[in-house]
Asks: 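Before I ask anything, let me first share the structure, which is written out below as structure tokens.
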Amino acid sequence: MSKLHDYVIIGAGPAGSVFATLCARAGLDVCVIERQVFPRERVGESITVDCAKRLMRLGLPSPLAPSSAGSGWRIGAMKMHYESGATFQAKFPEELQHFLLRRAPFDDALLQEAKRSGAVYYEGNVNDLIVENQRAKGVVLRDGEEIRAKRLVVAASGREVGFLRKVVTYQADIGLQIFGGRAFCKKAYHIAQNEVELYVHQKDVAIVTPLDNGDEWAVFVLLHEPVRLEKQTEKGKSSQERAFRGMLRRFGGLSQKLSGVEFAPGIEFHSQMASYAKEISVKGLALIGNSFGYSDPLLSHGVDYAVEGAERLFSCVRSRQPEAAIARLHKATRRLLWLDVRLHRIAYEVVWRESLYAKILPSGETVSGIRLGEKATQLVWQLAGL
Ligand SMILES: Cc1cc2nc3c(=O)[nH]c(=O)nc-3n(C[C@H](O)[C@H](O)[C@H](O)COP(=O)(O)OP(=O)(O)OC[C@H]3O[C@@H](n4cnc5c(N)ncnc54)[C@H](O)[C@@H]3O)c2cc1C
């Protein structure tokens, strides 16, 4: 016999867990299906202040909550290192500050909150959607089990959108294709606790960020050209670490600084292209978080976007005409991602050009204006009536 719930959510990342919690708290019959065993790592450790505030307002685990391990931990400045040897330091205004934390405990805390609130949790790998009369009716797990939805199937499955492609057409914007990786390592040299370091090599960026536990760093590498990982041949290290060090070599100064440093196991590689859901050919299916689309990680707001999507979808579900509201939400989200990709291009231009930065900002001044889109974003939501 198949299982039956009003709302069936695929994926327990920030988007799925937050939506599940909001539904469960409102007394709705909701289940969330996750294929990985939590706590699981996810790339994307910087949580914006906006996101932390949103989580607080919703009564959810937040880096701003007094009990949180990362409480009070804020990245408030950045230091850029250019190939030429030039360096540049600047402060972030309040809205560009962020918290650096490990996603494994953070995402797990959000999932535990969903369970505590009454959401039913299934461990399982969704293999397919059940579509009847042009309507999503549930999901099929890899072992063949069906979980059916009376009202809505919610895709919150992140970037792995394989089974959605049957009913969703994605628009890819190859102008923003990123390849890279992320590793955790022990502290190697001095970085101010509230500062993020960026190493720029042509169009590539490596980012070093202190984490909230105080003695670890996250190192990100974002490249514009895919590299062949198997080409790296350094003996005596794990193949992952060899590959990661190979990418770091582009950033000469950083690579040298980290040469003797130990990396923690579990380096993650990623390749992503800006994309978003253009058409959804069935009813009864809502997309949130990275299931809907993604732009790029440099401006660090993927989790914010996932949590905001969950909150907005919840208000659509509670509205008088949920289907119409969800259609408007999808339309507005599509516009925002389009806008986001354009703004990211501008932001990259700024990052690449040391001379541009130096002209706009004398060293040490506040970086602002990167969030040019804030007003435009509000306007898009208003136009959508959301
Ligand atoms: C290099 C990089 C750096 C980033 N940096 C940042 C950053 O600094 N700050 C930030 O806010 N964001 C960052 N992001 C983006 C951020 O990681 C994502 O936006 C965020 O995780 C999206 O949340 P989500 O809930 O939509 O999806 P996810 O967190 O991806 O969660 C989706 C869940 O669905 C599960 N799932 C997938 N398919 C299935 C299936 N078939 N069946 C069952 N379960 C399934 C997955 O196991 C996963 O747990 C970065 C991304 C990248 C690639």
Side-chain angles (χ1 to χ4, degrees), residues 8-20 31-52 54-55 63 75 96 98-104 106-108 110-111 114 121-129 139-143 145 147 153-165 176-183 196 205-207 209 211 218-223 247 267-274 287-310 313 333 337 340 344:
V8 171
I9 307 168
I10 311 158
S17 290
V18 170
F19 182 70
C31 78
V32 57
I33 310 163
E34 171 59 51
R35 70 177 175 196
Q36 281 181 280
V37 178
F38 273 49
R40 58 101 179 90
E41 283 297 350
R42 203 76 180 161
V43 71
E45 282 75 14
S46 90
I47 306 297
T48 62
V49 172
D50 278 358
C51 183
R54 187 186 300 279
L55 290 164
I75 298 295
L96 279 181
H98 44 265
F99 296 88
L100 264 302
L101 43 80
R102 277 246 180 160
R103 286 284 298 277
F106 174 70
D107 286 18
D108 192 46
L110 292 176
L111 172 59
Y121 179 72
Y122 298 119
E123 241 177 68
N125 195 335
V126 173
N127 217 19
D128 209 352
L129 287 171
V139 298
V140 187
L141 303 189
R142 187 155 286 170
D143 63 7
E145 187 178 7
I147 303 179
V153 177
V154 178
S157 45
R159 294 189 301 144
E160 297 93 359
V161 286
F163 63 93
L164 288 179
R165 290 194 194 277
L176 259 182
Q177 189 177 10
I178 310 274
F179 179 83
R182 190 266 285 112
V196 52
V205 189
I207 308 170
T209 61
L211 290 171
V219 183
F220 293 85
V221 177
L222 305 171
L223 310 176
M247 298 197 299
I267 292 170
E268 282 184 65
F269 293 102
H270 52 85
S271 158
Q272 70 175 48
M273 197 186 281
L287 272 58
I288 45 173
N290 278 175
S291 274
F292 194 95
Y294 43 91
S295 45
D296 104 308
L298 191 62
L299 295 187
S300 308
H301 60 196
V303 173
D304 198 1
Y305 157 67
V307 175
E308 179 175 10
L313 180 62
T333 309
L337 283 166
D340 214 30
H344 276 156

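Whatever order the structure lists ligands and atoms in, that order sets their numbers, starting from 1.
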Asks: Looking only at distances, can you tell me whether any N or O atom of D107, backbone or side chain, sits closer than 3.5 Å to an N or O atom of ligand 1?
Replies: no
Asks: Does S291 reach the main-chain N or O of S157 with its side chain, forming a donor-acceptor pair under 3.5 Å?
Replies: yes
Asks: What atoms of ligand 1 come closer than 4.0 angstrom to any heavy atom of N125?
Replies: 40 (C), 41 (N), 42 (N)
Asks: Counting distance only, does the side-chain N/O of S17 pair as donor-acceptor with the main-chain N or O of A12 below 3.5 Å?
Replies: yes
Asks: Please report the interatomic distance CG(D50) to CG(D304), rounded to the nearest 0.5 Å.
Replies: 5.5 Å
Asks: Is there a donor-acceptor contact under 3.5 Å from the side chain of H98 to the main chain of I47?
Replies: no
Asks: I'd like to check the side-chain contact (heavy atoms from CB on, under 4.5 Å) partners of A114; sequence neighbours left out, ordered by chain and number.
Replies: A20, T21, A119
Asks: Are any of the N/O atoms on L222, whether in the backbone or the side chain, positioned under 3.5 angstrom from an N/O atom of ligand 1?
Replies: no
Asks: Using heavy atoms and a threshold below 4.0 Å, how should the contact between C51 and ligand 1 be classified: side chain, backbone, both, or neither?
Replies: neither
Asks: Suppose I only count heavy atoms of A15 and a 4.0 Å limit; which atoms of ligand 1 are within that range?
Replies: 25 (O), 26 (O)
Asks: Before accepting this row, confirm whether a basic side-chain N of the pair R40/E268 lies closer than 4.0 Å to the acidic partner's carboxylate O.
Replies: no
Asks: What atoms of ligand 1 come closer than 4.0 angstrom to any heavy atom of I33?
Replies: 43 (C), 44 (N)
Asks: Check ligand 1 against G13 and write out every atom of the ligand that is under 4.0 Å from a heavy-atom position of the residue.
Replies: 25 (O), 29 (O), 31 (O), 33 (C)
Asks: Does some non-hydrogen atom of V43 fall short of 4.0 Å from ligand 1?
Replies: yes
Asks: Quick check for you: to the nearest 0.5 Å, what is the distance between E45 atom CD and F220 atom CZ?
Replies: 4.0 Å
Asks: Near G44, which atoms of ligand 1 are under 4.0 Å from a heavy atom of that residue?
Replies: 4 (C), 5 (N), 6 (C), 7 (C), 8 (O), 13 (C), 14 (N), 50 (C)
Asks: So, is R159 polar-close to ligand 1, with some N/O to N/O distance under 3.5 Å?
Replies: no
Asks: Working to the nearest 0.5 angstrom, can you tell me the gap between E308 CD and H301 NE2?
Replies: 10.0 Å
Asks: Report yes or no: does R182 contribute a side-chain atom to a donor-acceptor pair with the main-chain N or O of A218 at less than 3.5 Å?
Replies: no
Asks: Okay, side chain of R35, backbone of I10: is any donor-acceptor separation there less than 3.5 Å?
Replies: no
Asks: Any atoms of ligand 1 less than 4.0 Å from a non-hydrogen atom of S46? List them with their elements.
Replies: 7 (C), 8 (O), 9 (N), 10 (C), 11 (O)
Asks: Out of all atoms in ligand 1, which are within 4.0 Å of some heavy atom of H270? Include the element for each.
Replies: 1 (C)
Asks: Determine whether the side chain, the backbone, both or neither of R35 has a heavy atom under 4.0 Å from any heavy atom of ligand 1.
Replies: both
Asks: Can you tell me how far apart OG (S271) and CD1 (I178) are? Round to the nearest 0.5 Å.
Replies: 9.5 Å
Asks: Any heavy atom of G180 closer to ligand 1 than 4.0 angstrom?
Replies: no
Asks: Return a yes/no value for P14: is any of its N or O atoms, backbone included, closer than 3.5 angstrom to an N or O of ligand 1?
Replies: yes
Asks: Under 4.0 Å from ligand 1, counting heavy atoms only, is it the side chain of F163, its backbone, both or neither?
Replies: side chain
Asks: Ligand 1 versus A306, non-hydrogen atoms closer than 4.0 Å: side chain, backbone, both, neither?
Replies: side chain
Asks: Using a 4.0 Å heavy-atom cut-off, say whether R40 meets ligand 1 through its side chain, its backbone, both or neither.
Replies: side chain
Asks: If I take atom CD1 from residue I267 and atom CD from residue E41, how far apart are they, to the nearest 0.5 angstrom?
Replies: 12.5 Å
Asks: So L222 and H270, do their side chains get closer than 4.5 Å, heavy atoms only?
Replies: yes
Asks: Using a strict cut-off of 4.0 Å, indicate which atoms of ligand 1 neighbour a heavy atom of H301.
Replies: 10 (C), 11 (O)
Asks: Any heavy atom of G162 closer to ligand 1 than 4.0 angstrom?
Replies: no
Asks: Say whether S291, considering both its backbone and side-chain N or O atoms, lies within less than 3.5 Å of an N or O atom on ligand 1.
Replies: no
Asks: Of V139, T48, V126, V161, which has the heavy atom at the shortest distance from atom 42 (N) of ligand 1?
Replies: V126
Asks: May I ask you to test the Y121-L111 pair for a side-chain heavy-atom distance under 4.5 Å?
Replies: yes
Asks: What part of R103, side chain from CB on, backbone N/CA/C/O, both or neither, has a heavy atom under 4.0 Å from ligand 1?
Replies: side chain
Asks: Would you check the N or O atoms of V303, main chain and side chain alike, for any that come under 3.5 Å of an N or O of ligand 1?
Replies: yes
